[in-house]
Each structure stands twice: as C-alpha cells, then as structure tokens.
Amino acid sequence: MSEIKITLPDGSVREYPSGITAHQVAQSISEGLARNIIAAKVNGQVVETSRPITTDANLTLLKWEDKEGKNTFWHSSAHLLAEALEALYPGVKFGIGPAIDNGFYYDIDFGDHKFTGDDFAKLEAKMLELAKKESAYIRKEVSKAEAIQYFTEKGDQYKIELLQDLNDGEITFYEQGNFTDLCRGPHLPNTGFIKAVKILNLAGAYWRGDEKNKQLTRIYGITFPKKSELDAHMLMLEEAKKRDHRILGKDLEIFAFDDDVGPGLPLWLPKGAAIIELLEGFAKKTEKEAGYQRVKSPHIAKESMYIKSGHLPYYKESMFPPMELDGINYYLKAMNCPHHHKIFAATPKSYRDLPVRYAEYGTCYRYEQTGELFGLMRVRSLQMNDAHIYCTKAQFEAEFKAVNELYLKYFKVFGIDKYVMRFSKHDPKKLGQKYINAPELWLETETMVREVLVNSGIPFIEVEDEAAFYGPKIDIQIWSAIGREFTLATNQVDFAQADRFDLYFINEKSEKERPLILHRAPLSTHERFIGFLLEHYAGKFPLWLNPDQVSILPISEKYQEYSEKVLNVLKKSDIRALIDDRSEKTGKKIRDAELKRVPLMLILGEKEQTDNTVTVRKQGGEDLGSMTIEAFVEYVNAEIEKQLN
RNA sequence: GCCGUUGUAGCUCAGGGGUAGAGCACUUCCUUGGUAAGGAAGAGGUCAAGGGUUCAAAUCCCUUCAAUGGCUCCA
C-alpha cells in the first residue's frame, strides 16, 4: 500500500498508509485525543473521522472547542432529535435540520399531532436514551432514484422536494440507530458524544422560508458533551436575559409602551428623553464640525411626493395608510430622504456649493407588521440620525470616506466593537423590479464603494441582493443580548432619486448636472440606538450620557441642608445630580443608587459638612476619597472630556 | 400577517369553579444610622377586554387586544 503525507496544523508532516482515517491518525498521537475528536478537516473540507484519506493532505482534527467541531456536533444532534421524534411520534415528516450558532433546530410536520412545550421533557429523555446507545452515524452514497424511492415509501414529501435539486453522485444518506436522513454530513462518530440535551423552544417556520408554504413546527435545541457545559450555557442565557433592553428599559425607567398609545410606539420617560437630548447634542456638535447644515421637515406629505421618490410603490405595505384631505392623500413620512431632496431643490445650486450636507433628527413612522415589533429595536415611530449628502462624482470618494470615518469615531466613543460591516449589492436579475434599472450605475457605484472600503482598511463582507432600491449600501450589523441581528447604522449610495426629483447643480461648464446622493445614519434611530446601548452597557450608561450622573447620599437628615448646597453647585456646573433624602441607612441608599446604575455617589456626613468636602464612591465600589466640591466638579468634567474624545 | 406560549397589585410572581395572595416598590410613623437591603403599620387589583357555559367564572369555552419565542419582512 502506498504512503501518504499528512500535514498537521503545527506544520509537522507524518507518513501513513493510504486509506488511513482521521480517527487512526488521532490514535497514533494519543488515545485521549482519538476519543475527543468530533470531525476532521481534510484539505479544508470537514468530513467524519472515519472517512479514509487517500492522498497527501492537510489535516486538522476537530474537537468540541473548534467552531466546525461544534457545528458537526449540533448537526448530528439534530439527527438525534429526529430519531427521537420518529420513535415517539411515528409518521412525523421532516423538513430540514441544520446546526445554528447556538445549537440546532429541526423543522417537522407533525400531521395531526400537536407538539407542545409539555412534551419537551419526554423528548429530551428519549434523546438521551438514544444517545447512550452510542449508535454510529453511517454514511451511505445513494443514487437519486434510490433516494427518492426511500422517501416515497416513507411518505416524506419534504425530503423528496429537497432531492429534486440534487444530482446523482452528490446524494448521501446518514443512518444512526433506526433513523436515516438525507444529509451532506459530516457527523459525529457516534451518538454517545452527546451527553446533555436541552430543548429550548418551539416556533412556526414556513417550509423553505416562504410564507405561501405550509408552516412546519420548528424545534430548537442545544446539546453538549458535558452536563456542566449545558448548565453553564443555561446560566449564560439567564444573564443575557438580564441585559435585555426591554427589561433594563423598564427597570431604569427609560421608556414604556401603553396599550392606548399603540404597539411599537414607545413613550420616552424623563430619563429616556434625557439620553435622547444628550445623544442629539453630541450628534449635532459632531455634524456641525463635519460641515453639515441642519434642516427641518414636516411629518406628513402628499402622496405625489412618495410616488415621485419611488418609495410608495416599493414600500406602501410598510407605510401607515393615507389620510385623505380635500381629495388628496397624505402619508406620514416613513423616510426623510424626499423631504431633503425638496430642500435641496428649493434653492439653486452651483458646483461651488457642493457638497451640500443636510442633517435632521427626523421622526418617521413605519407600519411594521405586529409580529416584527421588538422592544425598541423594531418600532413604528422612530427618530433617525439622518443626513443626505449631495456631491459630484469627483467628491464622492472623499465624502463616502468621511462618513465612514464618522462611523468609526462614533464607535470608538461608544466602545462598539462587536459589529460586522456589510456591503450590500444589487442582484442583476432583479433590475427593474427590486432595483432601479440602471445596470451601469450599479456597477460603477458598487466599485466606488468597494474602493473606499478597501482603501480605508475597514474589514467588511459583501452580500448580493441586499441593496436599497436606489443604490448599494453599507450596513453595520449588531446583535441584541438575546442574539437577534439588527442593522444599527446605514450608509447608502443613491443615484436614482436625483433624477426622479430633477435635482441638479450648475457645473463649471455652466451645464446642469445631477448630484450623487449619500444617505447616512451612523447613530441609527434613537429607538434602536438606545435599545442597543442599554444592552451594550448593561444599563450602565457612561458618565457623559447617564441621565443621573451623581446621587447625593446624606448620612442623615442632619446633612440635608449641606446636601442641597452641594446639589446647587453641581447644577450650576451642568452636572445632573439628585439627593436621596429618604430616611434610610447609607448602605440601602448605595444599593439603590447601584441598582439605578448611577455612576457617582457622594456620601455626605459630619466630616464633609465640617470640611466643606464630598466623599466620592464610584459605581461598583471604588472609593475616590474626599475632595472639595470644586475638585469634584473638575473631576466630572475631566472624565466626560476623556469619554468623548 | 402566520405558528406556538403568556396576560393576577407599580414590578417579579404564587394560586385557581364558591366573592384575591407573597416579596419588592409606594405612603406614614419609629429610627439619625459612614460604603450593596434597620423596624412597624397602611394603602394598592372589574384577576387584559368582550361574549358564552354554570346556581356560581379570575379559574372552563369562544372572540378580540397586547406581550412574548420564532417564521416572513426590515427604506
């Protein structure tokens, strides 16, 4: 038998007989390793550990700790779930069952049976029982005809539908215990690796993601190679829930919803409004420095404008229904763009005026479907950190780059580091439907955007078919505490609306020329941004942004007067402070200030009153000792300065 | 909009065919206490709304509304 060379990740090369498996390679290193490997990556392709290797190869042995290892583990768990379901409820039909970031799911057609949360325990027990059998996952190559025959006999129309898109030679089955599934693999060596199982939740999901199709029952679960890891994961989920902006927003009295106001229409309580004002002040200052001019526009406009802008045909479904007045339909504005274009058109523009940058914290209304509403992250009324930049093609790169730099500046101030920059492009097949039919402009602007991104060294991913209808865009994707993905901010190119609104400037040659338009909203909407910040900071807003910066805690009523004196000094210095004058002990007052996430506490008693000082305790317990009131004001101002620069 | 779950005091929740419970918060009183919960008393609810079954409904059934986990969607 011929020898092959196996290169391990550390660069070492070992020789083995051809046909050796990853499992055997692991065994040759150590038995312990062999017991723990879940799958193997051979020349970049993940396969099961029992697959023979017949050529020279780079080999990575995948363990639970590896992302691909987890993926294989959870994918195999989905098969185990299916096996258990088939044992418990014979005749159920299966859709797809992939691994996801945290666990796996399987889409199931239960027929007439109703599967509910009460059945979770039974299902978990069955899965563990089957796991203990240590059934091997066996790979079988089958022909398309054989595969169709198998599922026809089984009566599983979903698998047959999936098979239609596959070709002979690429169809494999995996079998473990009494369950066989159509699957590309790879899988665990056997079910015994799965030691802990948790069925997480139940949801409806349309077959193939199409709402015209039948809705299947999706069962989410997660599994682990150790019980302790499951416990740790469940604890982590509990902690994440405590960070949920909906919980924190209520606890910290930031915002509220009310049945009489309506779903998706948040009410901002005084503390929430204070944060809004602070964010706006910061944005306005930054935008002023960057050469933006502020504009204002009304909340409603005539139908004709939205027809002209092209929004109405595309977005009618997500706009509030029109109000009719004197035979004319008016719509609540769902976007600021057309208003700004009208402002641009209101006065003549020369190339000398460009770039023109209009900024407005515009309030928009969008009729999001009820099921899409989610705390502050998806709402029906929103205040957007909007601006539109009108520039020449020659100015485009510099403007686009400046906007990107603005994003990065903001992200630094807020300490946002877990995000993905997503460059969304059009799909040429959908020109004229989802996208403005201007193929050359699409390619041209997409190239420009890519160049800016590449030149500025910002990491990004490119996705097809996610652009706005009027041009390519860059979205900043973030994740909520419970793992839901959102677009936080957006930066869009628009080469369509200048034409629609007949926007122009007079160029050097005294000719009319169309400007390029950039839409940008780095601070998102107040709603989504504050929702995000609540989770990002776990409620602990930094000093500059916290609605209550200082809590003054008199040790007893005797120091009330001195406390008020301190409060007045702070107020005069624009420091937001309040006195906790309840008849409670200091320990209690500190606890409550901590729970309200107040960054600084001033403890005032006999000593402070006599010396005309304050004793400062930072949120979390750090003791800054005693200082004069003036020194404290200086300290606060210095801290804020640091946070904003 | 679709599938599942839930709706009891300001909050977190228990209870459950026979006229409503706890803890925290709130109010008052006592206490004047130095770095994460001092004590006592009091006040608080058409049990989401509407309809039905029943001698009797917060409890069972139906409808609606809202929230929630997903799906679809997301300018």
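Bear in mind that the values here come from a model prediction, so they are computed numbers and not experimental data. Each chain gets a letter, A, B and so on, in the order the sequences are listed, and its residues count up from 1.
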For this session: Kindly assign one of parallel, tilted or perpendicular to the pair A:F320 and A:Y365, based on the angle between their ring planes and the thresholds 30° and 60°.
Result: perpendicular
For this session: For A:R617, report the nucleic acid contact type (base, sugar-phosphate, nothing); a contact means any heavy atom under 4.0 Å.
Result: base
Problem set entry | Separation of B:C74 C1' from A:R380 CZ (nearest whole Å) | 13 Å
Problem set entry | Atom P, compared across B:G45 and B:C3: separation rounded to whole Å | 37 Å
Exercise. Out of B:G34, B:G69, B:A25, which nucleotide sits closest to the side chain of A:K588?
Worked result: B:A25
Exercise. What does A:G605 touch in the nucleic acid at a heavy-atom separation under 4.0 angstrom: a base, only the sugar-phosphate, or nothing?
Worked result: base
Exercise. Side-chain donor or acceptor of A:R208 under 3.5 Å from a matching atom on the base of B:C71?
Worked result: no
Problem set entry | Of A:N491, A:T490, A:N336, A:D494, the residue whose pairing with A:H519 passes side-chain hydrogen bond (donor to acceptor under 3.5 Å, both in side chains) | A:D494
Problem set entry | Distance between C1' atoms of B:C65 and B:C30 (Å, rounded) | 47 Å
Problem set entry | Basic-acidic side-chain contact under 4.0 Å: A:D386, A:K333 | no
For this session: Please determine, for the side chain of A:R582, which listed nucleotide (B:G69, B:G33, B:C26) has the closest atom?
Result: B:C26
For this session: Please work out if A:F469 contacts a base, only the sugar-phosphate, or nothing of the nucleic acid, heavy-atom cut-off 4.0 Å.
Result: nothing
For this session: Looking at every strand, decide which applies to A:E368 at a 4.0 Å heavy-atom threshold: base, sugar-phosphate, or nothing.
Result: nothing
Problem set entry | Given RNA chain B, 5'-ward residue of the pair A:T217 and A:M335, judged by closest heavy atom | A:T217
Exercise. Reckon A:K589 touches a base, only the sugar-phosphate, or nothing at all at heavy-atom distances under 4.0 Å?
Worked result: nothing
For this session: Measure from CZ on A:F120 to P on B:G70 and round the result to the nearest Å.
Result: 12 Å
Problem set entry | Centroid distance under 5.5 Å and plane angle under 30°, A:Y220 vs B:G70 | no
For this session: Examine the base of B:C2 for any acceptor or donor lying under 3.5 Å from a partner atom in the side chain of A:Q215, and report the outcome as yes or no.
Result: yes
Exercise. Which nucleotide sits closest to the side chain of A:I590: B:C71, B:U35, B:A66?
Worked result: B:U35
For this session: Using whole Å, report how far CD of A:Q560 lies from P of B:G33.
Result: 16 Å
Seminar exercise, completed: From the candidates B:G38, B:U35, B:U72, the one with an atom nearest any side-chain atom of A:E372 is B:U72
For this session: Using the C1' atom on both, measure B:C73 against B:A14 and round to a whole Å.
Result: 39 Å
Exercise. Within the structure shown, what part of the strands sits under 4.0 Å from A:G371 by heavy-atom distance: base, sugar-phosphate, or nothing?
Worked result: base
Problem set entry | P spacing across the pair B:G10 / B:A43, given as an integer number of angstrom | 16 Å
Exercise. Should B:A48 form a Watson-Crick or G-U wobble pair with both distances under 3.5 Å, which nucleotide is its partner?
Worked result: B:U64
For this session: Look at A:R520 together with A:E287 and state whether they make a salt bridge at an N to O cut-off of under 4.0 Å.
Result: yes
Problem set entry | N/O (side chain, A:T586) to phosphate O (OP1/OP2, B:U35) under 4.0 Å | no
Exercise. Base, sugar-phosphate alone, or nothing: which one does A:T615 contact when heavy atoms must sit under 4.0 Å apart?
Worked result: base
Exercise. If only side-chain N and O atoms of A:R366 are considered, is one of them under 4.0 Å from the OP1 or OP2 phosphate oxygen of B:A75?
Worked result: no
For this session: Round to the nearest Å and state the distance from A:D258 atom CG to B:A67 atom C1'.
Result: 13 Å
For this session: Would you indicate whether A:D258, at its atom CG, is surrounded by more than 12 heavy atoms from other residues, nucleotides or ligands within a distance under 6.0 Å?
Result: yes
Seminar exercise, completed: Comparing A:T487 with A:G209, nearest RNA chain B nucleotide closer to 5' gives the residue A:G209
Exercise. Does a salt bridge link A:R591 with A:E594, judged by any charged N lying under 4.0 Å from a carboxylate O?
Worked result: no
Exercise. Given the C1' atoms of B:G17 and B:C13, what is the spacing between them in whole Å?
Worked result: 23 Å
For this session: Go ahead and name the base partner of B:A36; Watson-Crick or wobble counts if both distances stay under 3.5 Å, otherwise write none.
Result: none
Exercise. So, A:Y158 versus A:D109: side-chain donor-acceptor pair below 3.5 Å or not?
Worked result: yes
Exercise. Are A:R366 and A:E527 ion-paired here, with the side-chain N under 4.0 Å from a carboxylate O?
Worked result: no
Problem set entry | Between B:A75 (P) and A:D386 (CG): distance, integer Å | 14 Å
For this session: Both distances under 3.5 Å, Watson-Crick or G-U wobble: report the partner of B:A41, or none.
Result: B:U27
Problem set entry | Donor-acceptor pair present, A:R218 side chain and B:C71 base, under 3.5 Å | no
Exercise. Counting side-chain heavy atoms from C-beta on, which of B:A36, B:G1, B:A66 comes nearest to A:T370?
Worked result: B:G1
Exercise. Is the backbone of A:F94 close enough, under 3.5 Å, to the side chain of A:D156 for a donor and an acceptor to pair up by distance?
Worked result: yes
For this session: Report yes if a donor N or O on one partner sits less than 3.5 Å from an acceptor N or O on the other, where the partners are the side chain of A:Y206 and the base of B:G1; otherwise report no.
Result: yes
Seminar exercise, completed: A:I247 atom CD1 is separated from B:A67 atom P, nearest whole Å, by 15 Å
For this session: From the options B:G38, B:C73, B:G34, select the nucleotide whose nearest atom is closest to the side chain of A:R378.
Result: B:C73
Exercise. Side chains of A:K607 and A:S626: is there a donor and an acceptor less than 3.5 Å apart?
Worked result: yes
Exercise. Counting any heavy atom closer than 4.0 Å, what does A:E606 reach on the DNA or RNA strands: base, sugar-phosphate only, or nothing?
Worked result: base
Problem set entry | Closest to the A:R246 side chain, choosing from B:U68, B:G34, B:U31 | B:U68
Exercise. Whole Å only: how far is the CD atom of A:E584 from the C1' atom of B:C24?
Worked result: 13 Å
For this session: Name the nucleic acid region contacted by A:S318, choosing base, sugar-phosphate or nothing; use a 4.0 angstrom heavy-atom cut-off, strictly under.
Result: base
Seminar exercise, completed: Checking B:U32, B:C74, B:U35 against the side chain of A:D623 (C-beta onward), the nearest is B:U35
For this session: Take atom C1' in B:G15 and the same atom in B:A57, then report the distance between them in whole Å.
Result: 15 Å
Seminar exercise, completed: Whole-Å distance, A:L202 CG to B:U68 P, equals 18 Å
Problem set entry | Base-pairing mate for B:A9 - Watson-Crick or G-U, with both contacts under 3.5 Å | none
Problem set entry | Pairing nucleotide - B:C73, Watson-Crick or G-U, each distance under 3.5 Å | none
Exercise. Looking only at atom C1', what distance separates B:A25 and B:U19, rounded to whole Å?
Worked result: 28 Å
Exercise. How should the glycosidic conformation of B:G44 be described, syn or anti, under the criterion that syn lies within 90° of 0?
Worked result: syn
Exercise. With no angle test and no hydrogens, is the base of B:G34 tied to the side chain of A:E608 by a donor-acceptor pair under 3.5 Å?
Worked result: yes
Exercise. Say you pick atom C1' in B:U31 and the same atom in B:G39; how far apart are they, in whole Å?
Worked result: 8 Å
Exercise. Contact class for A:S583 vs. all strands (heavy atom < 4.0 Å): base, sugar-phosphate, or nothing?
Worked result: base
For this session: Give the nucleotide from the list B:G69, B:G1, B:G38 with an atom nearest to the side chain of A:K585.
Result: B:G38
